[in-house]
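Because the structure is predicted, anything quoted here is derived from the model rather than measured. Reckoned from all heavy atoms, side chains included, excluding hydrogens, waters and symmetry mates. We name chains A, B, ... by the order of the sequence lines, and we start the count at 1 in each one.
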Amino acid sequence: MGTRFLSQLCGGSVSGLIYQQIAANVAQALSEVLGTAPPVPVVVERNRRAEYGDYSTSVCLRLAREARMAPIDLARRVVERLPEAPFVGRVEVAHPGYINFWLDEGWLAAQVDVILEAGESFGSLTLGQGQRVQVEFVSANPTGPITVGSARNAVLGDALASVLTAAGYQVEREYYVNDAGAQVRKFGESVLARYAQALGEDVPFPEDGYYGQYVVELGERLAAEAGRRYLEMDRPQAIRAVADWAVEQMLERIRKDLADLGVHFDVWRHERDLHREGLLDQALTILRERGYIVEYDDAVWFRHPDLEKDAVLIRSPRVVPEPSERPTYLASDVAYLLDKLVRRGFDRAIYIWGADHHGDVPRVRAAAKALGLDPDRAVFILYQLVTLWRGGEEVRMSKRSGEFVTLRDLLDEVGPDPIRFMLVSRTAESPIDFDLDLAVEQSERNPVYYVQYAHARIASILRYAQEQGWRIDEPADLSLLRHPSELALIRKMLELPEVVEQAATKLSPHFLPYYAQELATAFHAFYRDCRVVSADPAEADLTRARLRLVRAAKAVLARVLGLLGVRAPERM
RNA sequence: GCCCCCGUAGCUCAACUGGAUAGAGCAACGGACUUCGGAUCCGUUGGCUGCGCGUUCGAGUCGCGCCGGGGGCGCCA
């Protein structure tokens with residue numbers, strides 16, 4: 001393996017992750033020392049501290065006992081047998097048994113052209129090997145506008161989808177439209193009531209209906225468009241028709257809001273279509289045949305040994321009076337699972353759910369097993385909820401009561417870039433306190449601007465260079481790039497593939513914004529130390545080399561921002 | 001009562017399958033350049049990683065028990 005990587009490297013390009021190539025070499029050397037393959041995987045890590053080099057491994061500490069050698073001696077012997085590698089400049093053994101690696105500086109400088117050649121695809125990996133992955137996210141009920149909580153979902157899912165695409169998966173983004181349940185019916189009733197009121201009828205508003213102002217507006221609009229038509233229908237029919245219309249209106253608005261956030265879906269899958277296409281019946285048939293269905297109390301239940309509860313309700317005439325046998329949420333989930341993993345054949349289905357749904361995870365997993373599927377093909381990302389603060393007080397939100405802060409409000413106040421950057425920057429497990437005052441007032445100090453500024457600054461330098469008569473796409477002698485700040489910038493750029501890998505394998509896009517900031521910092525430091533466009537004719541070659549460096553940095557910044565769905569401005 | 005997540009600098013958060021001296025941003029204080037964008041850069045202050053045991057050569061990370069915060073627990077989705 002090590003030699004294969006080496007031969008590829010001799011061709012001059014980075015074709016595998018650097019740390020993996022180092023690990024392969026260490027493993028090879030270890031095998032020779034131990035006389036057998038190392039019993040544990042060789043872990044090579046990027047170092048936090050520059051004095052320990054770029055990468056290091058502590059594998060000798062772990063294997064010392066089994067090798068019956070002092071860790072430091074084992075490390076020394078491994079280093080003696082380490083294959084030559086063009087990208088490694090220096091190797092040292094450090095107490096109590098670490099092996100530290102420094103990247104070769106000439107090799108580093110040469111990577112600038114490798115990055116420029118890769119362009120948009122720099123940072124892309126073949127990790128996914130073309131596996132088909134579906135990311136289903138947002139999927140907020142079409143009974144109201146998108147809230148800030150769903151915005152987190154949207155941003156998380158979209159960034160994850162981008163990262164997985166970059167990692168070599170074939171990804172589809174999907175929005176599941178819950179248009180068949182009791183909530184939609186209540187929503188229809190609410191709109192119908194507002195509609196009637198708009199027409200001067202004195203009708204009561206459903207007690208558990210949707211109280212938001214937008215429902216009043218929907219009623220008024222419907223009254224203007226449709227006249228008294230729905231008052232003349234019989235009530236169940238009118239509710240259904242109004243609900244259909246209102247859901248369409250909401251979906252249009254949701255689509256627009258998400259689009260303005262930069263989030264687009266490949267597929268909008270409607271719950272009703274699942275039923276219409278017979279997937280629910282299919283799922284129930286399979287479950288029944290395999291013995292996971294029980295019936296009592298006039299209802300159908302799902303039972304599985306993995307579930308602590310006796311059974312989960314799947315279908316009951318009492319859930320929704322009309323039509324008589326409306327399924328429950330879980331029932332549709334099972335049908336949808338069948339749709340995702342069997343009918344449409346995704347290798348993996350990723351669900352982005354708010355943590356308040358965590359109780360449903362074991363049920364869907366159990367359902368997967370019951371259907372005869374590998375439950376690990378369904379992957380759940382649970383994010384903690386967003387709480388909003390304004391004026392030092394928590395803003396309580398409820399779609400039903402109509403009290404909530406919408407994504408639209410936030411877009412109007414803050415704009416998409418800070419929202420996205422902020423909401424991706426947290427691990428999913430971390431709850432977010434979103435301070436609206438801070439988001440608005442201090443938006444200029446938001447880290448997103450720091451990163452965007454670096455990009456705009458480079459654009460400005462390139463404009464200036466061209467004004468001065470430089471051609472910015474000229475070849476250059478990159479070996480002139482020797483300044484510590486130049487090399488630090490290149491090192492940081494070369495981290496991108498590792499960041500993508502980590503974000504993809506851990507399904508955690510939050511690594512990206514942190515990396516983006518570090519990259520911007522590395523650029524600003526370089527800018528401080530090194531003048532790019534020199535008026536001194538003796539420095540013409542250096543200028544050419546630095547122009548290439550700066551172009552590469554711009555490309556990498558744009559790439560990270562692109563993965564985050566944040567704009568990379570030419571000026572700001 | 002049971003289950004899940006979190007607890008790290010004044011605030012908001014990181015820390016790669018357990019690795020070396022726990023890092024950023026903001027806030028505070030002090031400073032820099034003034035020919036390529038000052039939305040920048042440099043420095044200082046700030047930590048028994050909630051508490052206690054345990055596993056390990058090594059624990060913010062793993063296990064157990066407490067304390068505190070959030071969420072969930074069959075006819076809502």
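Base pairing annotation: C51(B) forms a Watson-Crick or G-U wobble pair with G65(B), both donor-acceptor distances under 3.5 Å. Pairing for U8(B) is absent, judged as Watson-Crick or G-U wobble with the two contacts each under 3.5 Å. Across all strands shown, U34(B) remains unpaired; no Watson-Crick or G-U wobble contact has both distances below 3.5 Å. Using Watson-Crick or G-U wobble geometry with both donor-acceptor distances under 3.5 Å, A14(B) finds no partner in any strand shown. Across all strands shown, U56(B) forms no Watson-Crick or G-U wobble pair with both key distances under 3.5 Å.
When heavy atoms are screened at a 4.0 angstrom cut-off, His358(A) is found touching base atoms of the nucleic acid. Heavy atoms of Ala64(A) sit nowhere under 4.0 angstrom from any nucleic acid atom. Using a 4.0 Å heavy-atom distance criterion, Glu429(A) is classed as a sugar-phosphate-only contact. Residue contacts shown for His510(A) are limited to sugar-phosphate atoms, with no base heavy atom under 4.0 Å away. Counting any heavy atom pair closer than 4.0 Å across all strands shown, Ser56(A) reaches a base atom. When heavy atoms are screened at a 4.0 angstrom cut-off, Asn100(A) is found touching base atoms of the nucleic acid. Using a 4.0 Å heavy-atom distance criterion, Tyr450(A) is classed as a sugar-phosphate-only contact. Contact annotation for Asp529(A): no contact, since no heavy-atom pair falls under 4.0 Å across all strands. Across all strands, Cys60(A) comes closer than 4.0 Å to no nucleic acid atom at all (heavy-atom distances).
Side-chain N/O atoms of Gln183(A) and Thr143(A) include no donor and acceptor closer than 3.5 Å. Side-chain contact annotation: Glu501(A) with Tyr19(A), donor-acceptor N/O pair under 3.5 Å present.
Closest-nucleotide positions on RNA chain B for Ala459(A) and Ala525(A) were compared, and the one nearer the 5' end corresponds to Ala459(A). For the pair Tyr52(A) and Ile432(A), both in contact range of RNA chain B, the more 5′-proximal nearest nucleotide belongs to Ile432(A).
For His95(A) and A20(B), a side-chain-to-base donor-acceptor distance below 3.5 Å is absent, hydrogens and geometry of angles not being considered. Applying the 3.5 Å distance criterion, the base of G74(B) shares a donor-acceptor pair with the side chain of Tyr296(A).
Each of C36(B), A20(B), A77(B) was ranked by its minimum atom distance to the side chain of Tyr527(A); first place goes to C36(B). Comparing C13(B), G74(B), G71(B) by their closest approach to the side chain of Leu385(A) singles out G71(B). For Arg531(A), whose side chain is taken as the heavy atoms from C-beta onward, the closest listed nucleotide among A77(B), G37(B), C36(B) is C36(B). Side-chain proximity of Tyr464(A) to the nucleotides C36(B), A14(B), C42(B) is greatest for C36(B). The side chain of Asp356(A) lies closest to G71(B), out of G37(B), G25(B), G71(B). Closest approach to the Glu51(A) side chain among U21(B), C4(B), A77(B) is made by U21(B) (side chain taken as heavy atoms from C-beta onward). For Asp360(A), whose side chain is taken as the heavy atoms from C-beta onward, the closest listed nucleotide among G25(B), A77(B), A20(B) is A77(B). Distance from the side chain of His524(A) is smallest to U40(B) among A14(B), C5(B), U40(B). The side chain of Pro447(A) approaches G25(B) more closely than any other nucleotide in the set C41(B), C13(B), G25(B). Distances from the side chain of Tyr453(A) to the nucleotides U40(B), G74(B), G19(B) place U40(B) closest.
Looking only at side-chain heavy atoms (C-beta outward), Arg420(A) and Leu564(A) stay at 4.5 Å or farther from each other.
Ser460(A) has a side-chain polar atom (N or O) that falls below the 4.0 Å cut-off from OP1 or OP2 of G37(B). Between C4(B) and Tyr383(A), no contact under 4.0 Å exists linking OP1 or OP2 to a side-chain N or O. Side-chain nitrogen and oxygen atoms of Ser58(A) include none within less than 4.0 Å of the OP1 or OP2 phosphate oxygen of G58(B). Distances shorter than 4.0 Å separate none of the side-chain N or O atoms of Arg49(A) from OP1 or OP2 on U21(B). Using a 4.0 Å cut-off, no side-chain N or O of Arg62(A) falls inside it from OP1 or OP2 of G19(B).
Across G30(B) and G71(B), the matching P atoms stand 42 Å from one another, rounded to whole Å. Between U34(B) and G25(B), the distance separating the two P atoms is 25 Å to the nearest Å. A14(B) and C5(B) are spaced 16 Å apart, taking the P atom of each and rounding to whole Å. On the C1' atoms, C53(B) is 16 Å away from C48(B), given to the nearest whole Å. If you take atom P in A9(B) and the same atom in G52(B), they sit 16 Å apart, rounded to whole Å.
The distance from atom CZ of Arg571(A) to atom P of A39(B) is 15 Å, rounded to the nearest whole Å. Protein atom CD of Gln517(A) is 14 Å distant from nucleotide atom C1' of A39(B), rounded to whole Å. Counting to the nearest Å, the P atom of C75(B) and the CD atom of Gln183(A) are 13 Å from each other. Distance Leu330(A) CG to C73(B) P: 14 Å, rounded to the nearest Å.
You'll find the ring centres of His524(A) and Tyr453(A) inside the 6.0 Å limit. If you look at Tyr176(A) and Tyr336(A), their ring centroids are closer than 6.0 Å.
In this structure, the side chain of Asp179(A) engages the main chain of Arg272(A) through a donor-acceptor pair within 3.5 Å. In this structure, the side chain of Asn153(A) engages the main chain of Ile352(A) through a donor-acceptor pair within 3.5 Å.
Counting non-hydrogen atoms of neighbouring residues, nucleotides and ligands closer than 6.0 angstrom, the CZ atom of Arg567(A) reaches no more than 12 such neighbours. Other residues, nucleotides and ligands place no more than 12 heavy atoms under 6.0 Å from the CZ atom of Arg62(A).
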